[in-house]
Amino acid sequence: MRASQLLMPTMKEDPADADIASHRLMLRAGLIRQVASGIYNWLPLGVRVLHKIEAIVREELHASGAQEVLMPVVQPATLWRESGRWDVMGPELARLIDRHDNEFCLSPTQEEVITDLVRREIQSYRELPRNLFQIQTKFRDEIRPRFGVMRSREFIMKDGYSFHIDQDSMDETYRAMYDCYSRILERLGLEFRAVEADSGNIGGDNSHEFQVLADSGEDTIAYSTVSDYAANLEKATTVFPSAPAAPGDGALAKVATPDARTIAAVAELLDVPATSCVKTLFVEGEDGGPIGLILRGDHELNELKAQKLPGVAAPLRFADPEDLRGRIGAGVGSLGPVGLSLPMLVDHSAAQCTDFVCGANEDGFHYTGANWGRDVALDVEAVVDLRNVVPGDPSPDGQGELAFTRGIEIGHIFQLGKKYSDTLGASVLSQEGREETLLMGCYGIGITRMVAAIIEQKHDEQGICWPEAVAPADVHIVALNYHKSDAVRAAADQLYADIHASGRTALLDDRPERPGVKFADADLIGLPHRITVGDRGLKNNEVEYRRRIDADNVSVALGDVLQSLDG
RNA sequence: CGGGGCGUAGCGCAGUCUGGUAGCGCACCACACUGGGGGUGUGGUGGUCGCAGGUUCAAAUCCUGCCGUCCCGACCA
């Protein structure tokens with residue numbers, strides 16, 4: 001690539017709309033340009049990165065026994081109606097109508113189409129398992145696209161689907177995909193964790209996310225400092241005490257707490273730690289009435305855990321404060337379990353509290369010295385896991401403590417069970433001649449998001465620092481005064497040819513720009529190797545070499561510089 | 001969808017409160033100088049001020065409506 005010929009519109013200034021490093025650098029380095037909210041053009045340098053990532057993904061998937069297919073972006077509503085998702089998906093599913101008034105959607109994912117394909121083409125257990133994937137454009141009309149291509153509406157995803165006659169086969173492929181994803185991320189040179197995850201609304205049980213570690217990540221990951229336990233915060237658990245604590249010997253007393261409606265305010269007023277307080281939240285129950293969720297004062301409700309509990313409405317909705325006042329006679333901020341006649345669920349940690357502080361169900365009053373059993377009846381079955389874990393909680397496998405880090409979800413693998421094969425009727429004849437519904441797995445990698453995730457992890461003040469595996473080219477030849485100096489032009493052109501002959505790719509900056517501009521762009525674009533060719537060095541038959549991640553140039557004889565690339 | 005910004009040249013912004021010739025820096029074009037970390041000078045190109053209505057002698061500026069876009073919360077690769 002010659003910079004003079006390349007559509008490579010670098011920017012000196014930060015675009016006003018880009019907040020996170022990857023978005024900013026992708027715009028500045030000329031990788032992408034925005035077309036509409038969450039919709040982007042990919043320019044030549046960006047496309048080269050995409051292709052490199054795709055090549056690695058393909059290679060590893062093929063090596064793991066998956067086969068590539070290509071399915072349509074535009075899909076008929078009939079299939080989506082059959083699975084039931086036409087009505088479930090809501091406005092995130094972009095819909096359109098053809099000239100014959102038939103309804104279609106832009107595919108956000110492909111379970112329907114792949115299951116349809118398999119139910120038509122696979123009739124026998126002998127043809128199983130099958131593991132099929134594609135790399136293709138998806139469209140999800142996100143409520144709020146953000147962070148450039150990190151959360152865009154149109155994006156490229158590698159999505160794979162596997163089909164099995166039994167759970168053993170499912171487990172085997174799931175494991176193979178787990179290992180495959182790990183290898184892909186290792187080859188990309190990324191720091192990552194595979195974490196236990198909630199399977200969201202796609203359904204199914206067993207599920208792992210592959211999280212690229214980055215402070216700007218949208219997800220919080222809890223991991224054991226000792227073992228390899230790691231889970232998304234929304235899923236992470238800890239070790240639970242086996243039984244509620246024995247009551248303390250404090251006396252139950254009602255105290256005035258005017259204007260103290262938050263745990264922090266109550267704790268300060270009464271001069272007790274938040275860990276000695278209990279907070280009571282009310283959400284809508286399955287029967288329409290409110291249900292109390294009781295947590296230790298310093299803990300956060302985990303909404304995902306809560307909405308999966310029996311008796312709690314999903315999705316989680318907080319109860320109407322006015323309705324609560326009507327039922328209890330007090331407002332939010334003064335509510336508590338003592339004397340409460342509504343159903344409640346108590347978090348394990350809250351159940352361990354003794355002589356605790358809680359709302360008195362009377363505006364402006366709290367109880368102190370409250371105890372489970374003595375002051376509030378506590379059914380063992382009502383003690384559940386309701387909260388987000390916190391750093392320092394014991395790891396649920398009993399090894400070490402939990403610590404937190406942030407991550408970007410770059411891949412997700414699920415076991416879907418029979419959710420789609422059932423509704424769409426994908427089955428085969430088993431060895432015994434019985435009709436068996438297929439088990440299904442699904443596996444995704446966000447290809448376009450991967451580009452952003454890599455940059456989040458690999459950049460500095462000056463620009464991107466591409467890992468070799470995905471860099472848009474290997475070597476940046478900064479040819480100083482190329483347009484004027486015959487010596488520079490000859491040496492740079494020769495170097496360019498030699499690099500390509502050796503199997504690497506180079507970007508030759510042959511533009512009639514000043515040195516400062518070229519150096520700044522080289523840092524910004526971030527190719528792993530840089531060779532500076534200038535008259536000054538050429539006098540001694542030398543050029544300068546610098547790795548992008550190193551601080552300083554070293555002078556190298558022109559004839560030896562190619563060997564530096566291997567070092 | 002709720003809350004908060006922003007929309008003036010390719011990019012970054014001023015001008016809007018207080019209506020009166022549409023500006024600055026960078027980029028771009030030409031020429032000259034310069035030539036190892038975004039250089040200097042001279043001269044230029046480029047804008048229906050997001051769109052539509054309204055008020056006014058006069059609207060980037062005031063009013064109404066709409067659109068776009070970004071950020072914060074619920075969804076997800």
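Throughout, a chain's letter reflects where its sequence line sits, starting with A, and its residues are numbered from 1. Here the structure is a predicted model, which means the values were calculated and not measured.
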Side chain of A:A16 only, heavy atoms from C-beta on: which candidate in B:C71, B:A77, B:C13 is closest?
B:C13
When we call it a touch if two heavy atoms are under 4.0 Å apart, what does A:D219 touch: a base, just sugar-phosphate, or nothing?
base
Base, sugar-phosphate alone, or nothing: which one does A:D523 contact when heavy atoms must sit under 4.0 Å apart?
base
Nucleotide opposite B:A77 in a Watson-Crick or G-U pair, distances under 3.5 Å:
none
Quantified in whole Å, what is the C1' atom distance between nucleotide B:A22 and nucleotide B:G47?
8 Å
Can you find a donor-acceptor pair, distance only, under 3.5 Å between A:R146 side chain and B:G73 base?
no
Do A:S107 and A:K138 make a side-chain contact, defined as non-hydrogen atoms from C-beta onward lying under 4.5 Å apart?
yes
Whole-angstrom distance between B:U8 and B:G68, as gauged at atom P
16 Å
Nearest-Å distance once atom C1' is located in both B:G65 and B:C11
31 Å
How about A:H412 and A:F414: are their ring centres within less than 6.0 Å of each other?
yes
Tell me the interatomic distance from A:I39, atom CD1, to B:U69, atom C1', rounded to whole angstroms.
13 Å
Whole angstroms only, please: what is the CG-P distance between A:L93 and B:C76?
13 Å
Does A:D215, at its CG atom, have more than 12 non-hydrogen atoms belonging to other residues, nucleotides or ligands within less than 6.0 Å?
no
Please classify the nucleic acid contact of A:F147 as base, sugar-phosphate, or nothing, using heavy-atom distances under 4.0 Å.
sugar-phosphate
Taking the P atom in each of B:U45 and B:U56, what is the distance between them to the nearest angstrom?
38 Å
Would you tell me if any nitrogen or oxygen in the side chain of A:R144 comes within less than 4.0 Å of OP1 or OP2 on B:C72?
yes
Just checking A:P108: base, sugar-phosphate only, or nothing, at a heavy-atom cut-off of under 4.0 Å?
nothing
Which part of the nucleic acid, if any, lies within reach of A:G534 when heavy atoms closer than 4.0 Å are counted: base, sugar-phosphate only, or nothing?
base
State which residues pass side-chain hydrogen bond (donor to acceptor under 3.5 Å, both in side chains) with A:W466; sequence neighbours excluded, sorted by chain then number.
none
Can any side-chain N or O of A:T423 pair as donor or acceptor with the backbone N or O of A:Y420 at less than 3.5 Å?
yes
Both distances below 3.5 Å, Watson-Crick or wobble geometry, any strand: find the nucleotide opposite B:G2.
B:C72
Hey, does the side-chain of A:E13 have a donor or acceptor N/O within less than 3.5 Å of a partner on the base of B:G25?
yes
Side-chain contact, heavy-atom cut-off 4.5 Å: A:L304 with A:Q307?
yes
Less than 4.0 angstrom between a side-chain N/O of A:R24 and OP1 or OP2 of B:C11, yes or no?
no
Euclidean distance for C1', B:G54 against B:G43 (whole angstrom):
44 Å
Provide, to the nearest angstrom, the distance between the CD1 atom belonging to A:I410 and the C1' atom belonging to B:A77.
7 Å
Pairwise P distance, B:U40 and B:U34 [rounded to whole Å]:
15 Å
Closest of B:G37, B:C76, B:C28 to the A:E513 side chain is B:C28
Closer to the 5' end of RNA chain B via nearest nucleotide, is it A:E154 or A:A18?
A:A18
Taking atom types as modelled and ignoring hydrogens, do the side chains of A:D159 and A:Q134 form a donor-acceptor contact shorter than 3.5 angstrom?
yes
Base, sugar-phosphate, or nothing: which does A:E92 touch, judged by heavy atoms less than 4.0 Å apart?
sugar-phosphate
Hey, does A:T137 reach any base, or is it just sugar-phosphate, or nothing, if we go heavy atoms under 4.0 Å?
nothing
Over how many whole Å does the gap from A:D17 atom CG to B:G4 atom P extend?
19 Å
Base, sugar-phosphate, or nothing: which does A:H23 touch, judged by heavy atoms less than 4.0 Å apart?
nothing
Could a donor-acceptor pair under 3.5 angstrom be found where the side chain of A:R140 meets the base of B:C76?
no
Where each residue is assigned the nucleotide of RNA chain B containing its nearest heavy atom, which of A:P512 and A:T448 is assigned the position nearer the 5′ end?
A:P512
Considering only atom C1', compute the distance from B:C75 to B:C1 and round it to an integer number of Å.
12 Å
Take atom CG of A:L304 and atom C1' of B:A74, then tell me their distance rounded to the nearest Å.
12 Å
So A:N481, base contact, sugar-phosphate only, or nothing? Heavy-atom distance under 4.0 Å.
base
Hey, is the side chain of A:Q34 poking within less than 4.0 Å of OP1 or OP2 on B:G68, counting only N and O atoms?
no
Aromatic ring pairing A:Y40/A:H23, orientation class (parallel under 30°, perpendicular over 60°, tilted between)
perpendicular
A:L27 CG - B:A27 P separation (whole Å)
19 Å
Find out whether A:S162 and A:M440 are in side-chain contact, i.e. whether some heavy atom of one side chain is under 4.5 Å from a heavy atom of the other.
no
Whole-Å gap separating P (B:C26) and CG (A:D14):
18 Å
Partners passing side-chain hydrogen bond (donor to acceptor under 3.5 Å, both in side chains) against A:S564 (at least two apart in sequence or in another chain):
none
How would you summarise protein contacts on nucleotides 38-44 of chain B per nucleotide, using B for base, S for sugar-phosphate only and - for none, with heavy-atom distances below 4.0 Å?
BB-----
Using the P atom as the reference point in each nucleotide, state the distance between B:C71 and B:C31 in Å, no decimals.
43 Å
Length of the line joining A:L190:CG and B:A77:P, which is rounded to integer Å:
19 Å
